[in-house]
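Convention: sequence-line order gives letters A, B, ...; per-chain numbering from 1.
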Amino acid sequence: MSFETNTETPPHVVLEARNVVKTYGHVTALAGVDFELRAGEILAVVGDNGAGKSTLIKALTGALHPTSGEILLDGAPVHFRGPLDARHAGIETVYQDLAMAPALDIASNLFLGRELRAPGILGSIFRRLDKKRMREEARRAMSELKFRLPSIDNAVEALSGGQRQGVAVARAALFARKLVIMDEPTAALGVRETGQVLELIRSIRERGLAVVLISHNMPNVFDIADRIHIMRLGRRAAVVTPKTHSMNDVVAIMTGAATA
Amino acid sequence: MNTATASPPETSPSLKARIIGAPSAGPLLVLIGFCVIFALTNPRFLATHNLSIILQQTVIIGVLAIGQTLVILTAGIDLAVGAICVLGTIVAGKLVNLGYDPVLSMGFAVLVCTAAGLAAGGLVSGLRLPPFIVTLGILGILTAALRLISEGGAFAVRDPFLSWTGNTMKLGGFVLTYGVLIMFTLYAVVWYFLNQTKWGRHVYAIGNNPEAARLVGIPVRRHLLSVYLVAGLIYGIAAWLALGRIPNADPNAMQTANLDSITAVVIGGTSLFGGRGGLIGTLIGALIVGVLRNGLTLAGIDPLWQDLVTGILVIIAVALDQMSRRRN
Amino acid sequence: MSFHRIRTSARSKALQAGISALGLMLGVAFGAGSASAQEVIVGLVTKTEVNPFFAKMRQAAEARAKEKGVKLIARAGKFDGDNEGQVAAIEDLISAGAKGILVTPNNSSGMLDIIKKAREAGVLVIALDTATDPADAVDATFATDNFEAGVQQGTYARKAMGDTKAVVAMLDGTPGGTVDTFRHDGYLKGFGIAEGDPSIAGAAITNGAQDKGQVGMENLLSKNGDINAVYTINEPAAAGAYAALKSFGKESDVMLTSIDGGCAGVRDVKDGKIAATVMQFPYKMASMGIDAVAEYAATGKKPSGFVNTGSFLITDKPVEGLESKDTAWGLENCWGD
Ligand SMILES: Nc1ncnc2c1ncn2[C@@H]1O[C@H](COP(=O)(O)OP(=O)(O)O)[C@@H](O)[C@H]1O
Ligand SMILES: [Mg+2]
């Protein structure tokens, strides 16, 4: 899959941000950033530490309220009051700290906040969970993503870092209808586990979802991304593609040594 | 990619593994161990009426510990359990002694306890104050209020409805009070909510990782509030059970109920850091304390040993929890 | 339940180790304490473990039980007001097959049902130190006549003050307690005034503790600096009151009196901090209780009614027409050392 900047029909834009500002007292985390995510693409967001990547993602997913600016989903302005609104709109996020309850098992974590209730009065009156179905669905999701786990009944804390990351990504994939956002999903992983997670990200794209990937790891980014959004000092410095630019070019833009 | 092909090897754990693996297996072993020792020392220990007495003695702390378990699962702690329960006994007793309908009086007392729980929950979730401080404050306020309401002294509460939970029924040669049955029923009901519903799942999630709970869209504050509210309701029911056991409202009673209920919860294997453990363990923990006290007396041993052994069990339980948390 | 499954094997191993250690400890304890089936068991249920009054009672009971060849099992509440703890103790003692139970009931009305059950099971129940309400809920009561002791305290205070116009402060224990009420009312009677008399400057709750006695006295002195007579529920409260009086520079102008007969209290009388105290005799209550149960076990004879174990006024400044003993006698007969 590839996107040329000069195609005749402009690509469909799933998620867009215009001139978003976020300040914390005197600190300006976002200084009027623009953002554009196209359907079916993997968009990498890169930038130096403190450039505003995480803040941008939080603004896009309703985890914080921008000081000013506009966010559009499928071309229509949206105002997320919280992460739940964004989720209802079809946006799933894999947070840097994964947002898991480590003592709970994998299936419980996959369905955390979206538990399935048993059919009939058991569910409607006695509010009983459908644990069996949740486990089956969890198993199905993991195997659809070709991600191998020891057992769906394991507590998340018993998993390796890569396996946990896999569960978090699977959760996003299972519920996302439009796009998945991932904040540094490979930061804490070894080479082999990183490979597994990148594979997962590709399989999410294959299901037709757009992916935003925040990463520090340039080889990973160049391996997987369709386009690269470069943050610098709370703004978008440039958007490039792995075809038109080299890693050195991107690092130069990130650090302000060059412009696109 | 090495994970691509094979379907995940799914093995449903065997029954044996399930039983050994249950978090309450350790406490259960301890309980059985003590029962065996005591039965060997004094055959009277296993007499049905003695076992029935142990259950009756476990009722108040056992029920208070249900609420305490819920609060501790959210990584909180409740130091006001005893004070709220005493409040219930005094409100109900006062109203009945003033001539009000006993059912309405008890109902109102349970409501008052629920409101006290709600107040604690409101301060914890709304103002984000530490539960330790909030419930310590409520303990102080209630201790004073109780003295004022009761004009300082204890008073007898003689009403058939208020003391109904102390009445006995025979169950196959086993004499049980209604209070004991209510305790088991409460354990069953709350266990169901904790383990089989979304509400319970979210209690664990909030205690385990509140930030994650928030990010997945659980209304953390409202949920915390509901936990303290349910706890207050349970303390109110405990007040009824307490009147069944001792038909007397005493502002000085239950001063150690907070620590006793925490002891039951901790010995039962629930983590003070929240998110781990459960009610079955708590019931076993409460029974361990009751069995120790009763068994030592029957063996003619100074019951100070009970405090000593309980103390050791608490330390073992907390150490095990620390170890398992550190490993992960 | 799918939580926790992972770490269980290590966990249960550690637990098993813990259990064996506990088992060992209990084994040692059992070796020391096991009772033969024929032995006569006497239960003693005191209010708390910590109060020296009850400690003395327990020591005396233990010593007497040994002399009489009966087995004593002692239990106590965890705090003043631990009705549940005392009820559970009596239940356990019935289960253990006790022949008689000596109890210092925490809250008299809270204990009635279980005492009834014990008596129905053929157990002799004797109240020590504190009567139940109604008093005939137990077979017999061996106690200080607390009203009489209060009268002794009040009479002494009034007589020792001569013609001075009195301004009285009442340092009560725990309001509502039977002992508390008797001593308080007795003092007023002995002092010759009624509840609500204008000469009463105020009352404070001390729970019979020194620190609260001090705070209570400080507050009352701040309220009324003319206080010149102080009733105290017991000697720790009196010691607290003395500290407060001293800090106000009033320790020599005030008639401070008390009840108990603890050795520390008698020394305070000797040192002139407390003018007089009324001694009671916990060891008498306990040893008489043991004797009664031993007798009941042997002959089936039960004691009945109120048995006054006596109280003596202890002071080094006796007043005319009021019998008292000096502190030398007091120190020989006091408890708590
Ligand atoms: N909650 C906050 N309060 C104050 N400053 C913040 C907060 N969050 C982020 N910042 C600041 O905003 C800037 C951007 O942070 P962040 O978005 O985390 O950067 P990145 O993820 O690119 O490393 C940094 O200067 C950071 O210190
Ligand atoms: Mg970041």
Side-chain angles (χ1 to χ4, degrees), chain B residues 13 17-18 20-23 25-26 29-30 33 37 41-42 44-45 47 49-50 53 56-57 60 147 150-156 166 195 204 242 245-248 250-256 276 278 293-294 296-305 309 312-313 316 320 323-324 327-328, chain C residues 1-12 14-16 18-19 21-23 25-27 29-30 32-35 39 41 43 49 71 73-76 78-85 87-89 91-97 106-114 174-177 205:
Chain B
R18 264 169 194 270
I20 297 176
L29 276 177
V30 174
I37 295 176
T41 336
N42 189 342
R44 283 165 179 274
F45 176 79
H49 79 267
N50 190 52
I53 275 176
Q56 290 172 40
Q57 294 176 352
I60 300 173
R147 296 257 155 78
S150 64
E151 285 135 25
F155 54 92
N195 291 280
Y204 279 96
R245 206 162 142 64
I246 303 177
N248 187 57
D250 186 345
N252 297 308
M254 295 197 206
Q255 289 174 30
T256 55
R276 293 155 208 274
R293 191 176 50 191
N294 173 276
L296 288 172
T297 300
L298 260 60
I301 297 171
D302 192 322
L304 279 178
W305 281 84
V309 175
I312 293 173
L313 285 177
I316 293 179
L320 286 175
M323 273 161 50
S324 71
R327 198 171 318 130
N328 293 302
Chain C
M1 300 299 79
S2 34
F3 320 134
H4 294 269
R5 189 158 294 133
I6 304 313
R7 46 175 183 281
T8 45
S9 82
R11 191 179 176 136
S12 54
L15 257 174
Q16 275 154 13
I19 297 166
L22 280 176
M25 286 176 44
L26 279 179
F30 280 105
S34 63
E39 236 171 348
I41 296 173
E49 293 278 1
K71 162 117 189 123
I73 302 179
R75 288 269 299 253
K78 285 189 169 159
F79 51 90
D80 269 327
D82 187 6
N83 302 319
E84 169 63 29
V87 168
E91 287 173 341
D92 291 345
L93 287 164
I94 300 172
S95 258
N106 232 320
N107 178 286
S108 38
S109 63
M111 306 288 295
L112 298 180
D113 291 350
I114 187 61
T174 308
I205 296 172

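Counting heavy atoms from C-beta on, the side chains of C:Ser95 and B:Arg44 never come closer than 4.5 Å. In this structure, B:Gln255 and C:Asp82 have side chains that are not in contact, with every pair of non-hydrogen atoms separated by 4.5 Å or more. Residues B:Ile53 and C:Asp92 have side chains in contact (heavy-atom distance under 4.5 Å, counting atoms from C-beta outward).
Summarising the geometry of B:Thr297 relative to C:Ala96, their closest heavy-atom pair is O-CB, 4.2 Å, with the distance given to 0.1 Å. B:Asn252 approaches C:Phe79 most closely through the heavy-atom pair O-CE1, 3.1 Å.
Rounded to the nearest 0.5 Å, atoms CG (B:Asp250) and CD (C:Glu84) are 12.0 Å apart. Taken to the nearest 0.5 Å, the CD1 atom of C:Ile94 stands 11.5 Å off from the CG atom of B:Leu298. Interatomic distance, CD1 of B:Ile246 versus CD1 of C:Ile114, reported as 9.0 Å (0.5 Å rounding).
Of the atoms belonging to B:Ala47, not a single heavy atom falls under 4.5 Å from chain C. Heavy atoms of C:Ala88 lying under 4.5 Å from chain B belong to its backbone as well as its side chain.
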